[in-house]
Amino acid sequence: AALLVAANLSAAAESSQVRDANVGWRFLRGEQPGAETPGFDDSAWRVLDLPHDWSIETTGSSDAAKELHDPATPEGPSVGYLRGGIGWYRLHLDSETVGAGEELELILHGAQQECDIWVNGHHVAFQPHGYIPRVVDIAQHLQRGARENVIAIRVLNPEANTRWYAGSGLFRGISLRPHAPLYIPTWGVRADTVWLNEGNAQVQLQIEVRNNLATPQDVAIEAELISPRGERTRHDLGMLRLGPAATECVNQTVAVSAAATWSPDTPQLYRVNVRLFQGEHTFDRAQTAFGIRTIAVDAKEGLRLNGRP
């Protein structure tokens with residue numbers, strides 16, 4: 001029997017509100033007790049922009065190569081004899097970062113190798129893997145109307161971790177996403193091909209919706225599919241009722257005629273735009289890109305993409 005995989009080529013869901021928060025971080029290498037607290041004095045720390053890797057930094061000596069490489073490094077030549085250790089990052093945000101009635105997601109794109117995150121002294125996340133991003137909703141810890149909010153991140157590279165050079169620090173940067181209390185979380189939209197035959201396809205849309213309000217909410221959801229040729233089709237996904245502080249997932253299958261399939265030779269991508277609204281008021285929008293394709297594997301024909309060997 002063939003193994004059929006309904007595979008999608010899906011990027012992370014995007015939002016036009018996402019913005020980089022990579023400029024103006026303060027950094028110090030080494031352990032710093034108390035650096036997670038808002039009032040900690042970081043005025044002497046170095047100011048830098050992300051992404052940042054402290055393992056390949058020098059202090060500007062005349063013999064930079066000798067300064068960088070340490071024969072005592074646990075992983076030795078596989079990491080270029082470069083050291084890891086501990087580094088602290090702090091970012092001061094002004095009160096205009098989040099508008100009235102808004103909430104905020106912090107998106108950590110990558111910290112090598114593990115990190116702890118604090119917002120105004122509150123520990124909000126531990127991320128144990130350097131190659132996996134993390135989204136944290138930090139609204140409850142923000143100081144509204146205050147002069148500033150402080151994000152502190154402690155990154156640890158224990159050194160004995162890989163057989164290749166991985167670096168140390170916030171090597172993939174940070175983003176912030178303001179959003180309404182009723183919203184689609186970052187990466188909350190997914191599109192999968194569930195059926196493909198003779199140019200026609202069915203795509204399953206999975207949409208996550210969260211209600212951070214203290215009252216139940218009824219919201220409508222619609223999706224717009226945009227083909228690689230620019231053709232647009234709208235799909236009413238119906239109403240959703242969410243309880244207070246609740247998260248729900250909507251699953252709907254939509255038909256796609258004359259589907260433009262994805263393959264290495266023709267990497268055609270669709271886009272889906274999702275809108276979350278009540279009447280004329282739009283709470284949130286999100287989008288993602290995906291490819292329509294199927295994969296099958298059997299003993300007779302091996303790997304087949306879109307029904308073809």
Side-chain angles (χ1 to χ4, degrees), residues 6 8 10-19 21 97-110 115-120 122-129 132-142 144 149 151 174-194 203-225 234-254 271-290:
N8 78 316
S10 179
E14 303 168 357
S15 169
S16 59
Q17 296 176 313
V18 174
R19 58 177 181 263
T97 301
V98 184
E102 285 187 325
E103 300 188 356
L104 191 68
E105 286 180 329
L106 182 151
I107 306 169
L108 170 75
H109 295 286
C115 74
D116 288 273
I117 304 173
W118 290 265
V119 176
N120 293 327
H122 299 276
H123 187 263
V124 297
F126 168 67
Q127 180 59 23
H129 197 293
I132 299 176
R134 178 73 178 269
V135 178
V136 186
D137 203 326
I138 63 174
Q140 62 180 316
H141 304 298
L142 296 176
R144 307 285 178 170
N149 291 278
I151 298 172
I174 299 286
S175 297
L176 297 174
R177 184 200 169 204
H179 60 81
L182 189 59
Y183 69 109
I184 301 168
T186 296
W187 307 321
V189 176
R190 178 184 176 93
D192 292 286
T193 306
V194 295
V203 174
Q204 184 179 44
L205 301 179
Q206 301 176 26
I207 302 161
E208 184 180 351
V209 182
R210 291 183 186 171
N211 175 25
N212 284 347
L213 296 170
T215 57
Q217 297 292 320
D218 294 310
V219 292
I221 306 173
E222 68 175 15
E224 180 186 51
L225 262 61
R234 290 186 178 274
H235 304 269
D236 181 1
L237 304 185
M239 297 291 297
L240 177 66
R241 184 170 180 83
L242 294 101
T247 300
E248 299 287 348
C249 188
V250 174
N251 290 275
Q252 291 275 7
T253 301
V254 299
R271 295 197 72 85
V272 56
N273 298 328
V274 178
R275 184 167 76 103
L276 186 68
F277 63 100
Q278 285 178 348
E280 299 297 320
H281 177 69
T282 297
F283 284 100
D284 202 4
R285 297 178 185 270
Q287 60 179 291
T288 194
F290 67 97

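Everything numeric here is computed off the predicted structure, so don't read it as measured data. Heavy atoms only: backbone and side chains are in, while hydrogens, waters and symmetry mates are out.
- Although no hydrogens or angles enter the test, the distance criterion places a donor-acceptor pair under 3.5 Å between the side chain of Gln127 and the main chain of Ile132.
- Heavy-atom minimum distance, Leu104 versus His179: N-NE2, 3.8 Å.
- Rounding to the nearest 0.5 Å places CD of Glu105 at 9.5 Å from CD of Gln17.
- Scored by the ring pair (Phe, Tyr, Trp, His ring centres under 6.0 Å) test, His109 finds no partners at all (sequence neighbours excluded).
- Here the side chain of Asp236 pairs a donor or acceptor atom with the backbone of Gly238 at under 3.5 angstrom.
- Here the closest non-hydrogen pair linking Trp187 and Arg134 is CH2-N, 4.3 Å.
- Of all the heavy atoms in Asn212 and Tyr183, the pair that sits closest is ND2-CE2, 3.5 Å.
- At a threshold of 4.5 Å between non-hydrogen side-chain atoms, the residues Gln217 and Pro181 do not count as touching.
- Note that NE2 of His235 and CG of Leu225 are 4.5 Å apart. Values are rounded to the nearest 0.5 Å.
- Here the closest non-hydrogen pair linking Val194 and Val203 is CG2-N, 4.4 Å.
- A distance-only check finds no donor-acceptor pair linking the side chain of Arg271 to the backbone of Glu224 [under 3.5 Å].
- Inter-residue side-chain proximity for Val119 and Leu142 is flagged as met; some heavy-atom pair is nearer than 4.5 Å.
- The CG atom of Leu205 sits 8.0 Å away from the OG1 atom of Thr253 when rounded to the nearest 0.5 Å.
- Contact check on Arg177 versus Asp137 returns no salt bridge, with no Lys/Arg side-chain nitrogen under 4.0 Å from an Asp/Glu carboxylate oxygen.
- At least one donor-acceptor pair closer than 3.5 Å links the side chain of Gln252 to the backbone N or O of Leu237.
- Looking at Ser175 and Val18, their side chains come closer than 4.5 Å, going by heavy atoms from C-beta outward.
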Evaluation steps, side-chain contact (heavy atoms from CB on, under 4.5 Å), between Leu276 and Thr282: CA-CA 6 Å; Leu276 186 68; Thr282 297; over 6 Å; no

side-chain contact (heavy atoms from CB on, under 4.5 Å) evaluation trace for Leu242 with Val209: CA-CA 8 Å; Leu242 294 101; Val209 182; 4.0 Å; yes

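- Interatomic distance, CD1 of Ile207 versus OG1 of Thr288, reported as 11.0 Å (0.5 Å rounding).
- The aromatic rings of His281 and Phe283 sit perpendicular, their planes meeting at an angle over 60°, well past the 30° parallel limit.
- Residues in residues 209-221 take part in these salt bridge (charged side-chain N to carboxylate O under 4.0 Å, His left out) pairs, two or more places apart or across chains: Glu208-Arg210, Asp218-Arg241.
- Taking 4.5 Å as the limit, some side-chain heavy atom of Phe277 sits within range of a side-chain heavy atom of Glu222.
- The two residues Ala223 and Val272 have their closest heavy-atom pair at CB-CG2, 4.1 Å.
- Residues Val135 and Leu106 have side chains not in contact (no heavy-atom distance under 4.5 Å, counting atoms from C-beta outward).
- With values rounded to the nearest 0.5 angstrom, Gln206 atom CD is found 5.5 Å from Asp192 atom CG.
- Residues Ile184 and Asp284 share a closest heavy-atom pair of N-OD2, 2.9 Å.
- Expressed to the nearest 0.5 Å, how far CD1 of Ile138 lies from CD1 of Ile151 amounts to 4.5 Å.
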Worked verdict on Ile221 versus Val274 for side-chain contact (heavy atoms from CB on, under 4.5 Å): CA-CA 7 Å; Ile221 306 173; Val274 178; 3.9 Å; yes

Test side-chain contact (heavy atoms from CB on, under 4.5 Å) applied to Val219 and Met239, step by step: CA-CA 6 Å; Val219 292; Met239 297 291 297; 5.8 Å; no

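- Qualifying side chain to side chain donor-acceptor pair (under 3.5 Å) partners for His141, counting only residues two or more places apart in sequence or in other chains: none.
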